[in-house]
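Below is one structure, written out as structure tokens; comments come after it.
Just so it is clear, the model here is predicted, and its values are computed rather than measured. Chain identifiers are assigned alphabetically (A, B, ...) following the order of the sequence lines, protein sequences preceding nucleic acid strands; residue numbering begins at 1 within each chain.
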Amino acid sequence: MKLYNTKGYTTIQEWLSQKGMQAFAFQEEAWQHIINRQSGLVNAPTGCGKTYSVFLGAVIQFINEHPGNWQTKQKNGLRLLWITPLRALAKDIGRAMEEVFYELGMQWKVGIRNGDTEMSERQKQKRNMPEVLIITPESLHLLLAQKGNADAFHQLQLVAIDEWHELLGSKRGVQVELALCRLTGSYYTAKNTFGTPAIWGISATIGNLPEAKDVLLASLPAPIQKKSVTVRAKMDKQIDILSVLPDEIEKYPWAGHLGIRLAEKVIPIIEQSNTTLLFINTRGMSERWYQTLLTIAPQLAGAIALHHGSIEHELRIWVEEALHAQKLKVVVCTASLDLGVDFRPVDTVIQVGSPKGVSRFLQRAGRSGHRPGDTSKIFFLPTHSLELVEAAALQQAIKEDMIESRPPMLLCFDVLVQYLCTLATGDGFTSPDTFEEVKRSYCFSDITPAEWSEVLSYITEGGIALQQYDEYRKVENDNGVYRIKNRRIAMRHRMHIGTIVSDAMLKVKLMNGKFLGVIEEWFISRLEPGEVFTLAGRNLELVGIKDMNVMARVSNSKKSIVPSWQGGRMPLSANLGLMLRRTFDKALTGKAREIELKVLKPLFQLQEQLSHIPKQDELLIEHIETKDGYHLFVYPFEGRLVHEALAAILAYRIAQITPITFSIAMNDYGFELLSDQPIPIDDSNAHELFTTRDLLTDIQRSVNSVEMARRKFRDIAVIGGLIFQGYPGEHKKARHLQSSASLLFKVFSEYEPDNLLLRQAYQEVLSQQMEETRLRALLQRIEHNQIVITYPKYLTPFCFPIKVDSMRENLSSEQLEDRILRMQAPNP
DNA sequence: GACCTGCTGCGGCGTG
């Protein structure tokens, strides 16, 4: 690849080799396509030069097409827009790019624009755009909300979307889709020297890579789409999975989530490595693990740190840097370290508890092993006996490349409403063109003219239900151009751009003014001053709440309350569920080679003796009678969301046979129906009860979908700009937000039941809260499965974790441990 | 407004 430049290199390869680097085959492939002005998707794992694969291509293309132009200090305008989902990635990428420009003798500048960018820098960019701009999806929309922003894009040559797999499947991805439609639309391209800019995505491996490309490039003209390509980096890493095994499986708890009993076994692993990442599934449990490790291995003091999403940003950055510099030996973390800045690999990774999905596990494993060819090593630490099966299932899943897909989101009207207000805040938009433009996106390809006019009516006059309220008449139709003219409305809108809706958090501040992190209002409101809680690895005494900060002082108390934060509840993925069911096939055969299955043998034998181990094509149902009542346990292994919905449907269907009430419990493996009378399900009616027939009506009758939709509606209302969340720093109570959303929900339900956003709330409940596609697939599977019904005398290893979770609510943890021991006792 | 085990991610206030 030719390279004309002042430093005397004639090819890019030569320049790279001068730096002691060599071009990978996939990089050269991508460069060639970029030079040909194609668009496409690069599929490459982190840390193998994926930035260069796109960035250098754009540079070579420009230099070759505009000889001499790049040497001058003349205003070149924005050539390359680099979209990244993480602010933290921007600095490192920017530095790498600047270095390239310097070494090639180019006068190009790299700018960064996100929430951290200073005002003066933004103004400088406005006067004189750098050639390369690194930006987040949100900041890009903020840019589109500026007057006269189109001028900035008249030289745009290439748009790159980094970590596309992270954005795809979320509303942030939809934001990117919409922005791409705009940048490739005639309003921006008419004056562009390059015509339509090329679009390049960079993505890790996901199950639906071709679809990921289609979504990304949907906005491009058909001929360009047809010529588009997928470039793959073939760098398979060997991965070794090592389970942390309890000494005696018979004595390891059948239920639990923490896994702390195996903490002793972690110490030697940490000590044998220079650096270790210990991944914990929740923030609260990561605090507990941190404390426990320090207690049993005090020598780690100073060499151990904690990293999760509720710890103050600066502390986290310190931890990341200290880890890089090998000042730390071990970091206890949550998914906050999943995506890291060009993260320097560590020696060892330990996963505590279920990773819930194959790709998450792979990604974490990939954090270890220093060179591309190195083997990655990951330890799996089960938090209860049965979970050990996941290690065997994961091994097989990785062998078979069962990476999860990320289905793109469709028809997110809340994001569209916000986006149109963004355009109206900027230069305004006209209706028919913008409709066509938006329709080019994958997300809105099926939008109807009726839906479009409903959206327009909604932003101009508040739709039907809200038309008497002035504050919902945001956009004016100014001779065919839709604009927001009111400055207060425009300002409020700019403050609310984005699709991430979070709960109200309070900052925790030490008496010396140092911030440690955030905590949820409902948690801290239950504590009295003087009580001790844990945050960022420290025990803190609550002093009081002042100016919406939680004031605290460091405490020496041994006892403390570990906070819990409200997070998402990632369910077990379909792929991992499938592999689990397959793995049970091997459980009792002598063929199992996996050490985990051998170790679990006593547990499997007990399960088989008391009940049954379901084969891949079987559905196991257990009837068990205890003094609590009559239990029915069902094990589909489809993740807790699907189980929650199915449990409700099954309960409803059974209640049609005979009047009966249930309480319901579930986990990722199965669910429980509990009643005070025998549950009438047996071989004669089991298949009928799991039929797909009337599924939707039965869902509506059984699940409280109104209540679920009401909660979903809160986020939609915030994204759609119906609720003003208050000025930054100004504290609005979470309760306040919920009640205004509830009120709007009520108004819509009463006066405009067909409202677009209301419908979307019900749709999201179905697709996200109940994973309807998966639920339906499960029922179809059961139609062909054999249903095995057993009547065990005691609680079985399979049902135990579900049973324990269902009684957790009423008991303190001490009582719970006693009860668990007593329950386990009658079994051999 | 309920979650009880429950992740991550961004953006905004100015005034000429």
Just compare B/dG12, B/dG9, B/dT15 and give me whichever is closest to any side-chain atom of A/M495.
B/dG12
Verify the contact: side-chain N or O of A/T136 to OP1 or OP2 of B/dG11, cut-off strictly under 4.0 Å; return yes or no.
yes
Among B/dG9, B/dC7, B/dG1, the one nearest any side-chain atom of A/W565 is B/dC7
Could you work out which one of B/dG11, B/dT8, B/dG9 sits closest to the side chain of A/R283?
B/dT8
Could you check which residues of residues 637-647 of chain A get a heavy atom under 4.0 Å from DNA chain B? Sort them by number, please.
A/R640
Output the single nucleotide from B/dC13, B/dC10, B/dT8 whose closest atom is nearest the side chain of A/M491.
B/dC13
Between the base of B/dC10 and the side chain of A/S502, is there a donor-acceptor distance below 3.5 Å?
yes
Base, sugar-phosphate or nothing for A/T334? Non-hydrogen atoms, less than 4.0 Å.
sugar-phosphate
For A/R87, answer base if it contacts any base atom (sugar-phosphate contacts may also be present), sugar-phosphate if it contacts only those atoms, and nothing otherwise; contact means non-hydrogen atoms under 4.0 Å.
sugar-phosphate
Quick one: A/I83 CD1 to B/dG11 P, roughly how many Å, whole number?
13 Å
Report, as yes or no, whether the 6.0 Å neighbourhood of atom CD on A/E707 holds more than 12 heavy atoms from other residues, nucleotides or ligands.
yes
Consider only side-chain N and O atoms of A/W565 and A/S310, and report whether a donor and an acceptor are under 3.5 Å apart.
yes
A/A335 side chain, from C-beta outward: closest of B/dC7, B/dC13, B/dG16:
B/dC7
Atom-to-atom span, CZ of A/R122 to C1' of B/dG11 - whole angstrom:
9 Å
Sequence neighbours left out, what passes ring pair (Phe, Tyr, Trp, His ring centres under 6.0 Å) with A/F671? Give chain and number order.
none
Distance check, C1' atoms only: B/dA2 and B/dG6, in whole angstrom units.
14 Å
In whole angstrom, give the distance that lies between atom CZ of A/R406 and atom C1' of B/dC7.
12 Å
Sorted by chain and residue number, the side-chain hydrogen bond (donor to acceptor under 3.5 Å, both in side chains) partners of A/R492 (sequence neighbours excluded) come out as none
For A/H141, which contact category applies under a 4.0 Å heavy-atom criterion: base, sugar-phosphate, or nothing?
nothing
Only counting residues at least two apart or in another chain, list the ones meeting ring pair (Phe, Tyr, Trp, His ring centres under 6.0 Å) with A/H496.
A/F724
Describe the nucleic acid contact of A/R316 in one word from base, sugar-phosphate, nothing, applying a heavy-atom distance below 4.0 Å.
sugar-phosphate
At 4.0 Å (heavy atoms only), tell me whether A/G498 reaches a base, stays on the sugar-phosphate, or touches nothing.
nothing
Considering heavy-atom distances to DNA chain B, does A/R494 or A/K356 have its closest nucleotide positioned more toward the 5' end?
A/K356
When we call it a touch if two heavy atoms are under 4.0 Å apart, what does A/G115 touch: a base, just sugar-phosphate, or nothing?
sugar-phosphate
Separation of atom CG in A/L142 from atom P in B/dG12, rounded to whole Å
5 Å
Could you please name the option among B/dG1, B/dC7, B/dA2 that lies closest to any side-chain atom of A/M570?
B/dC7
Is the CD atom of A/E750 crowded by more than 12 outside heavy atoms at less than 6.0 Å?
yes
Between A/R711 (CZ) and B/dA2 (P), how many Å, whole number?
7 Å
Taking ring pair (Phe, Tyr, Trp, His ring centres under 6.0 Å) as the definition, give me every residue that meets it alongside A/H307, ordered by chain and number, with sequence neighbours left out.
none
Contact nearer the 5' end of DNA chain B, comparing A/H308 with A/N114:
A/H308
Between B/dG1 atom C1' and A/E520 atom CD, what is the distance in whole Å?
13 Å
Shortest non-hydrogen pair, A/N281 vs A/G353, comes out as ND2-C, 4.1 Å
Can I get a per-line list of side-chain donor-acceptor pairs under 3.5 Å for residues 84-91 of chain A, giving both atom names and the distance, sequence neighbours left out?
unit_1 : atom_1 : unit_2 : atom_2 : d
A/T84  : OG1    : A/L86  : N      : 3.2
A/T84  : OG1    : A/L86  : O      : 3.3

Whole angstrom value for the distance that separates P of B/dG11 from CD of A/Q175
10 Å
So, OP1 or OP2 of B/dG9: does either fall under 4.0 Å of a side-chain N or O from A/S336?
no
Rounded to the nearest Å, what distance is computed from the CZ atom of residue A/R569 to the C1' atom of nucleotide B/dG6?
7 Å
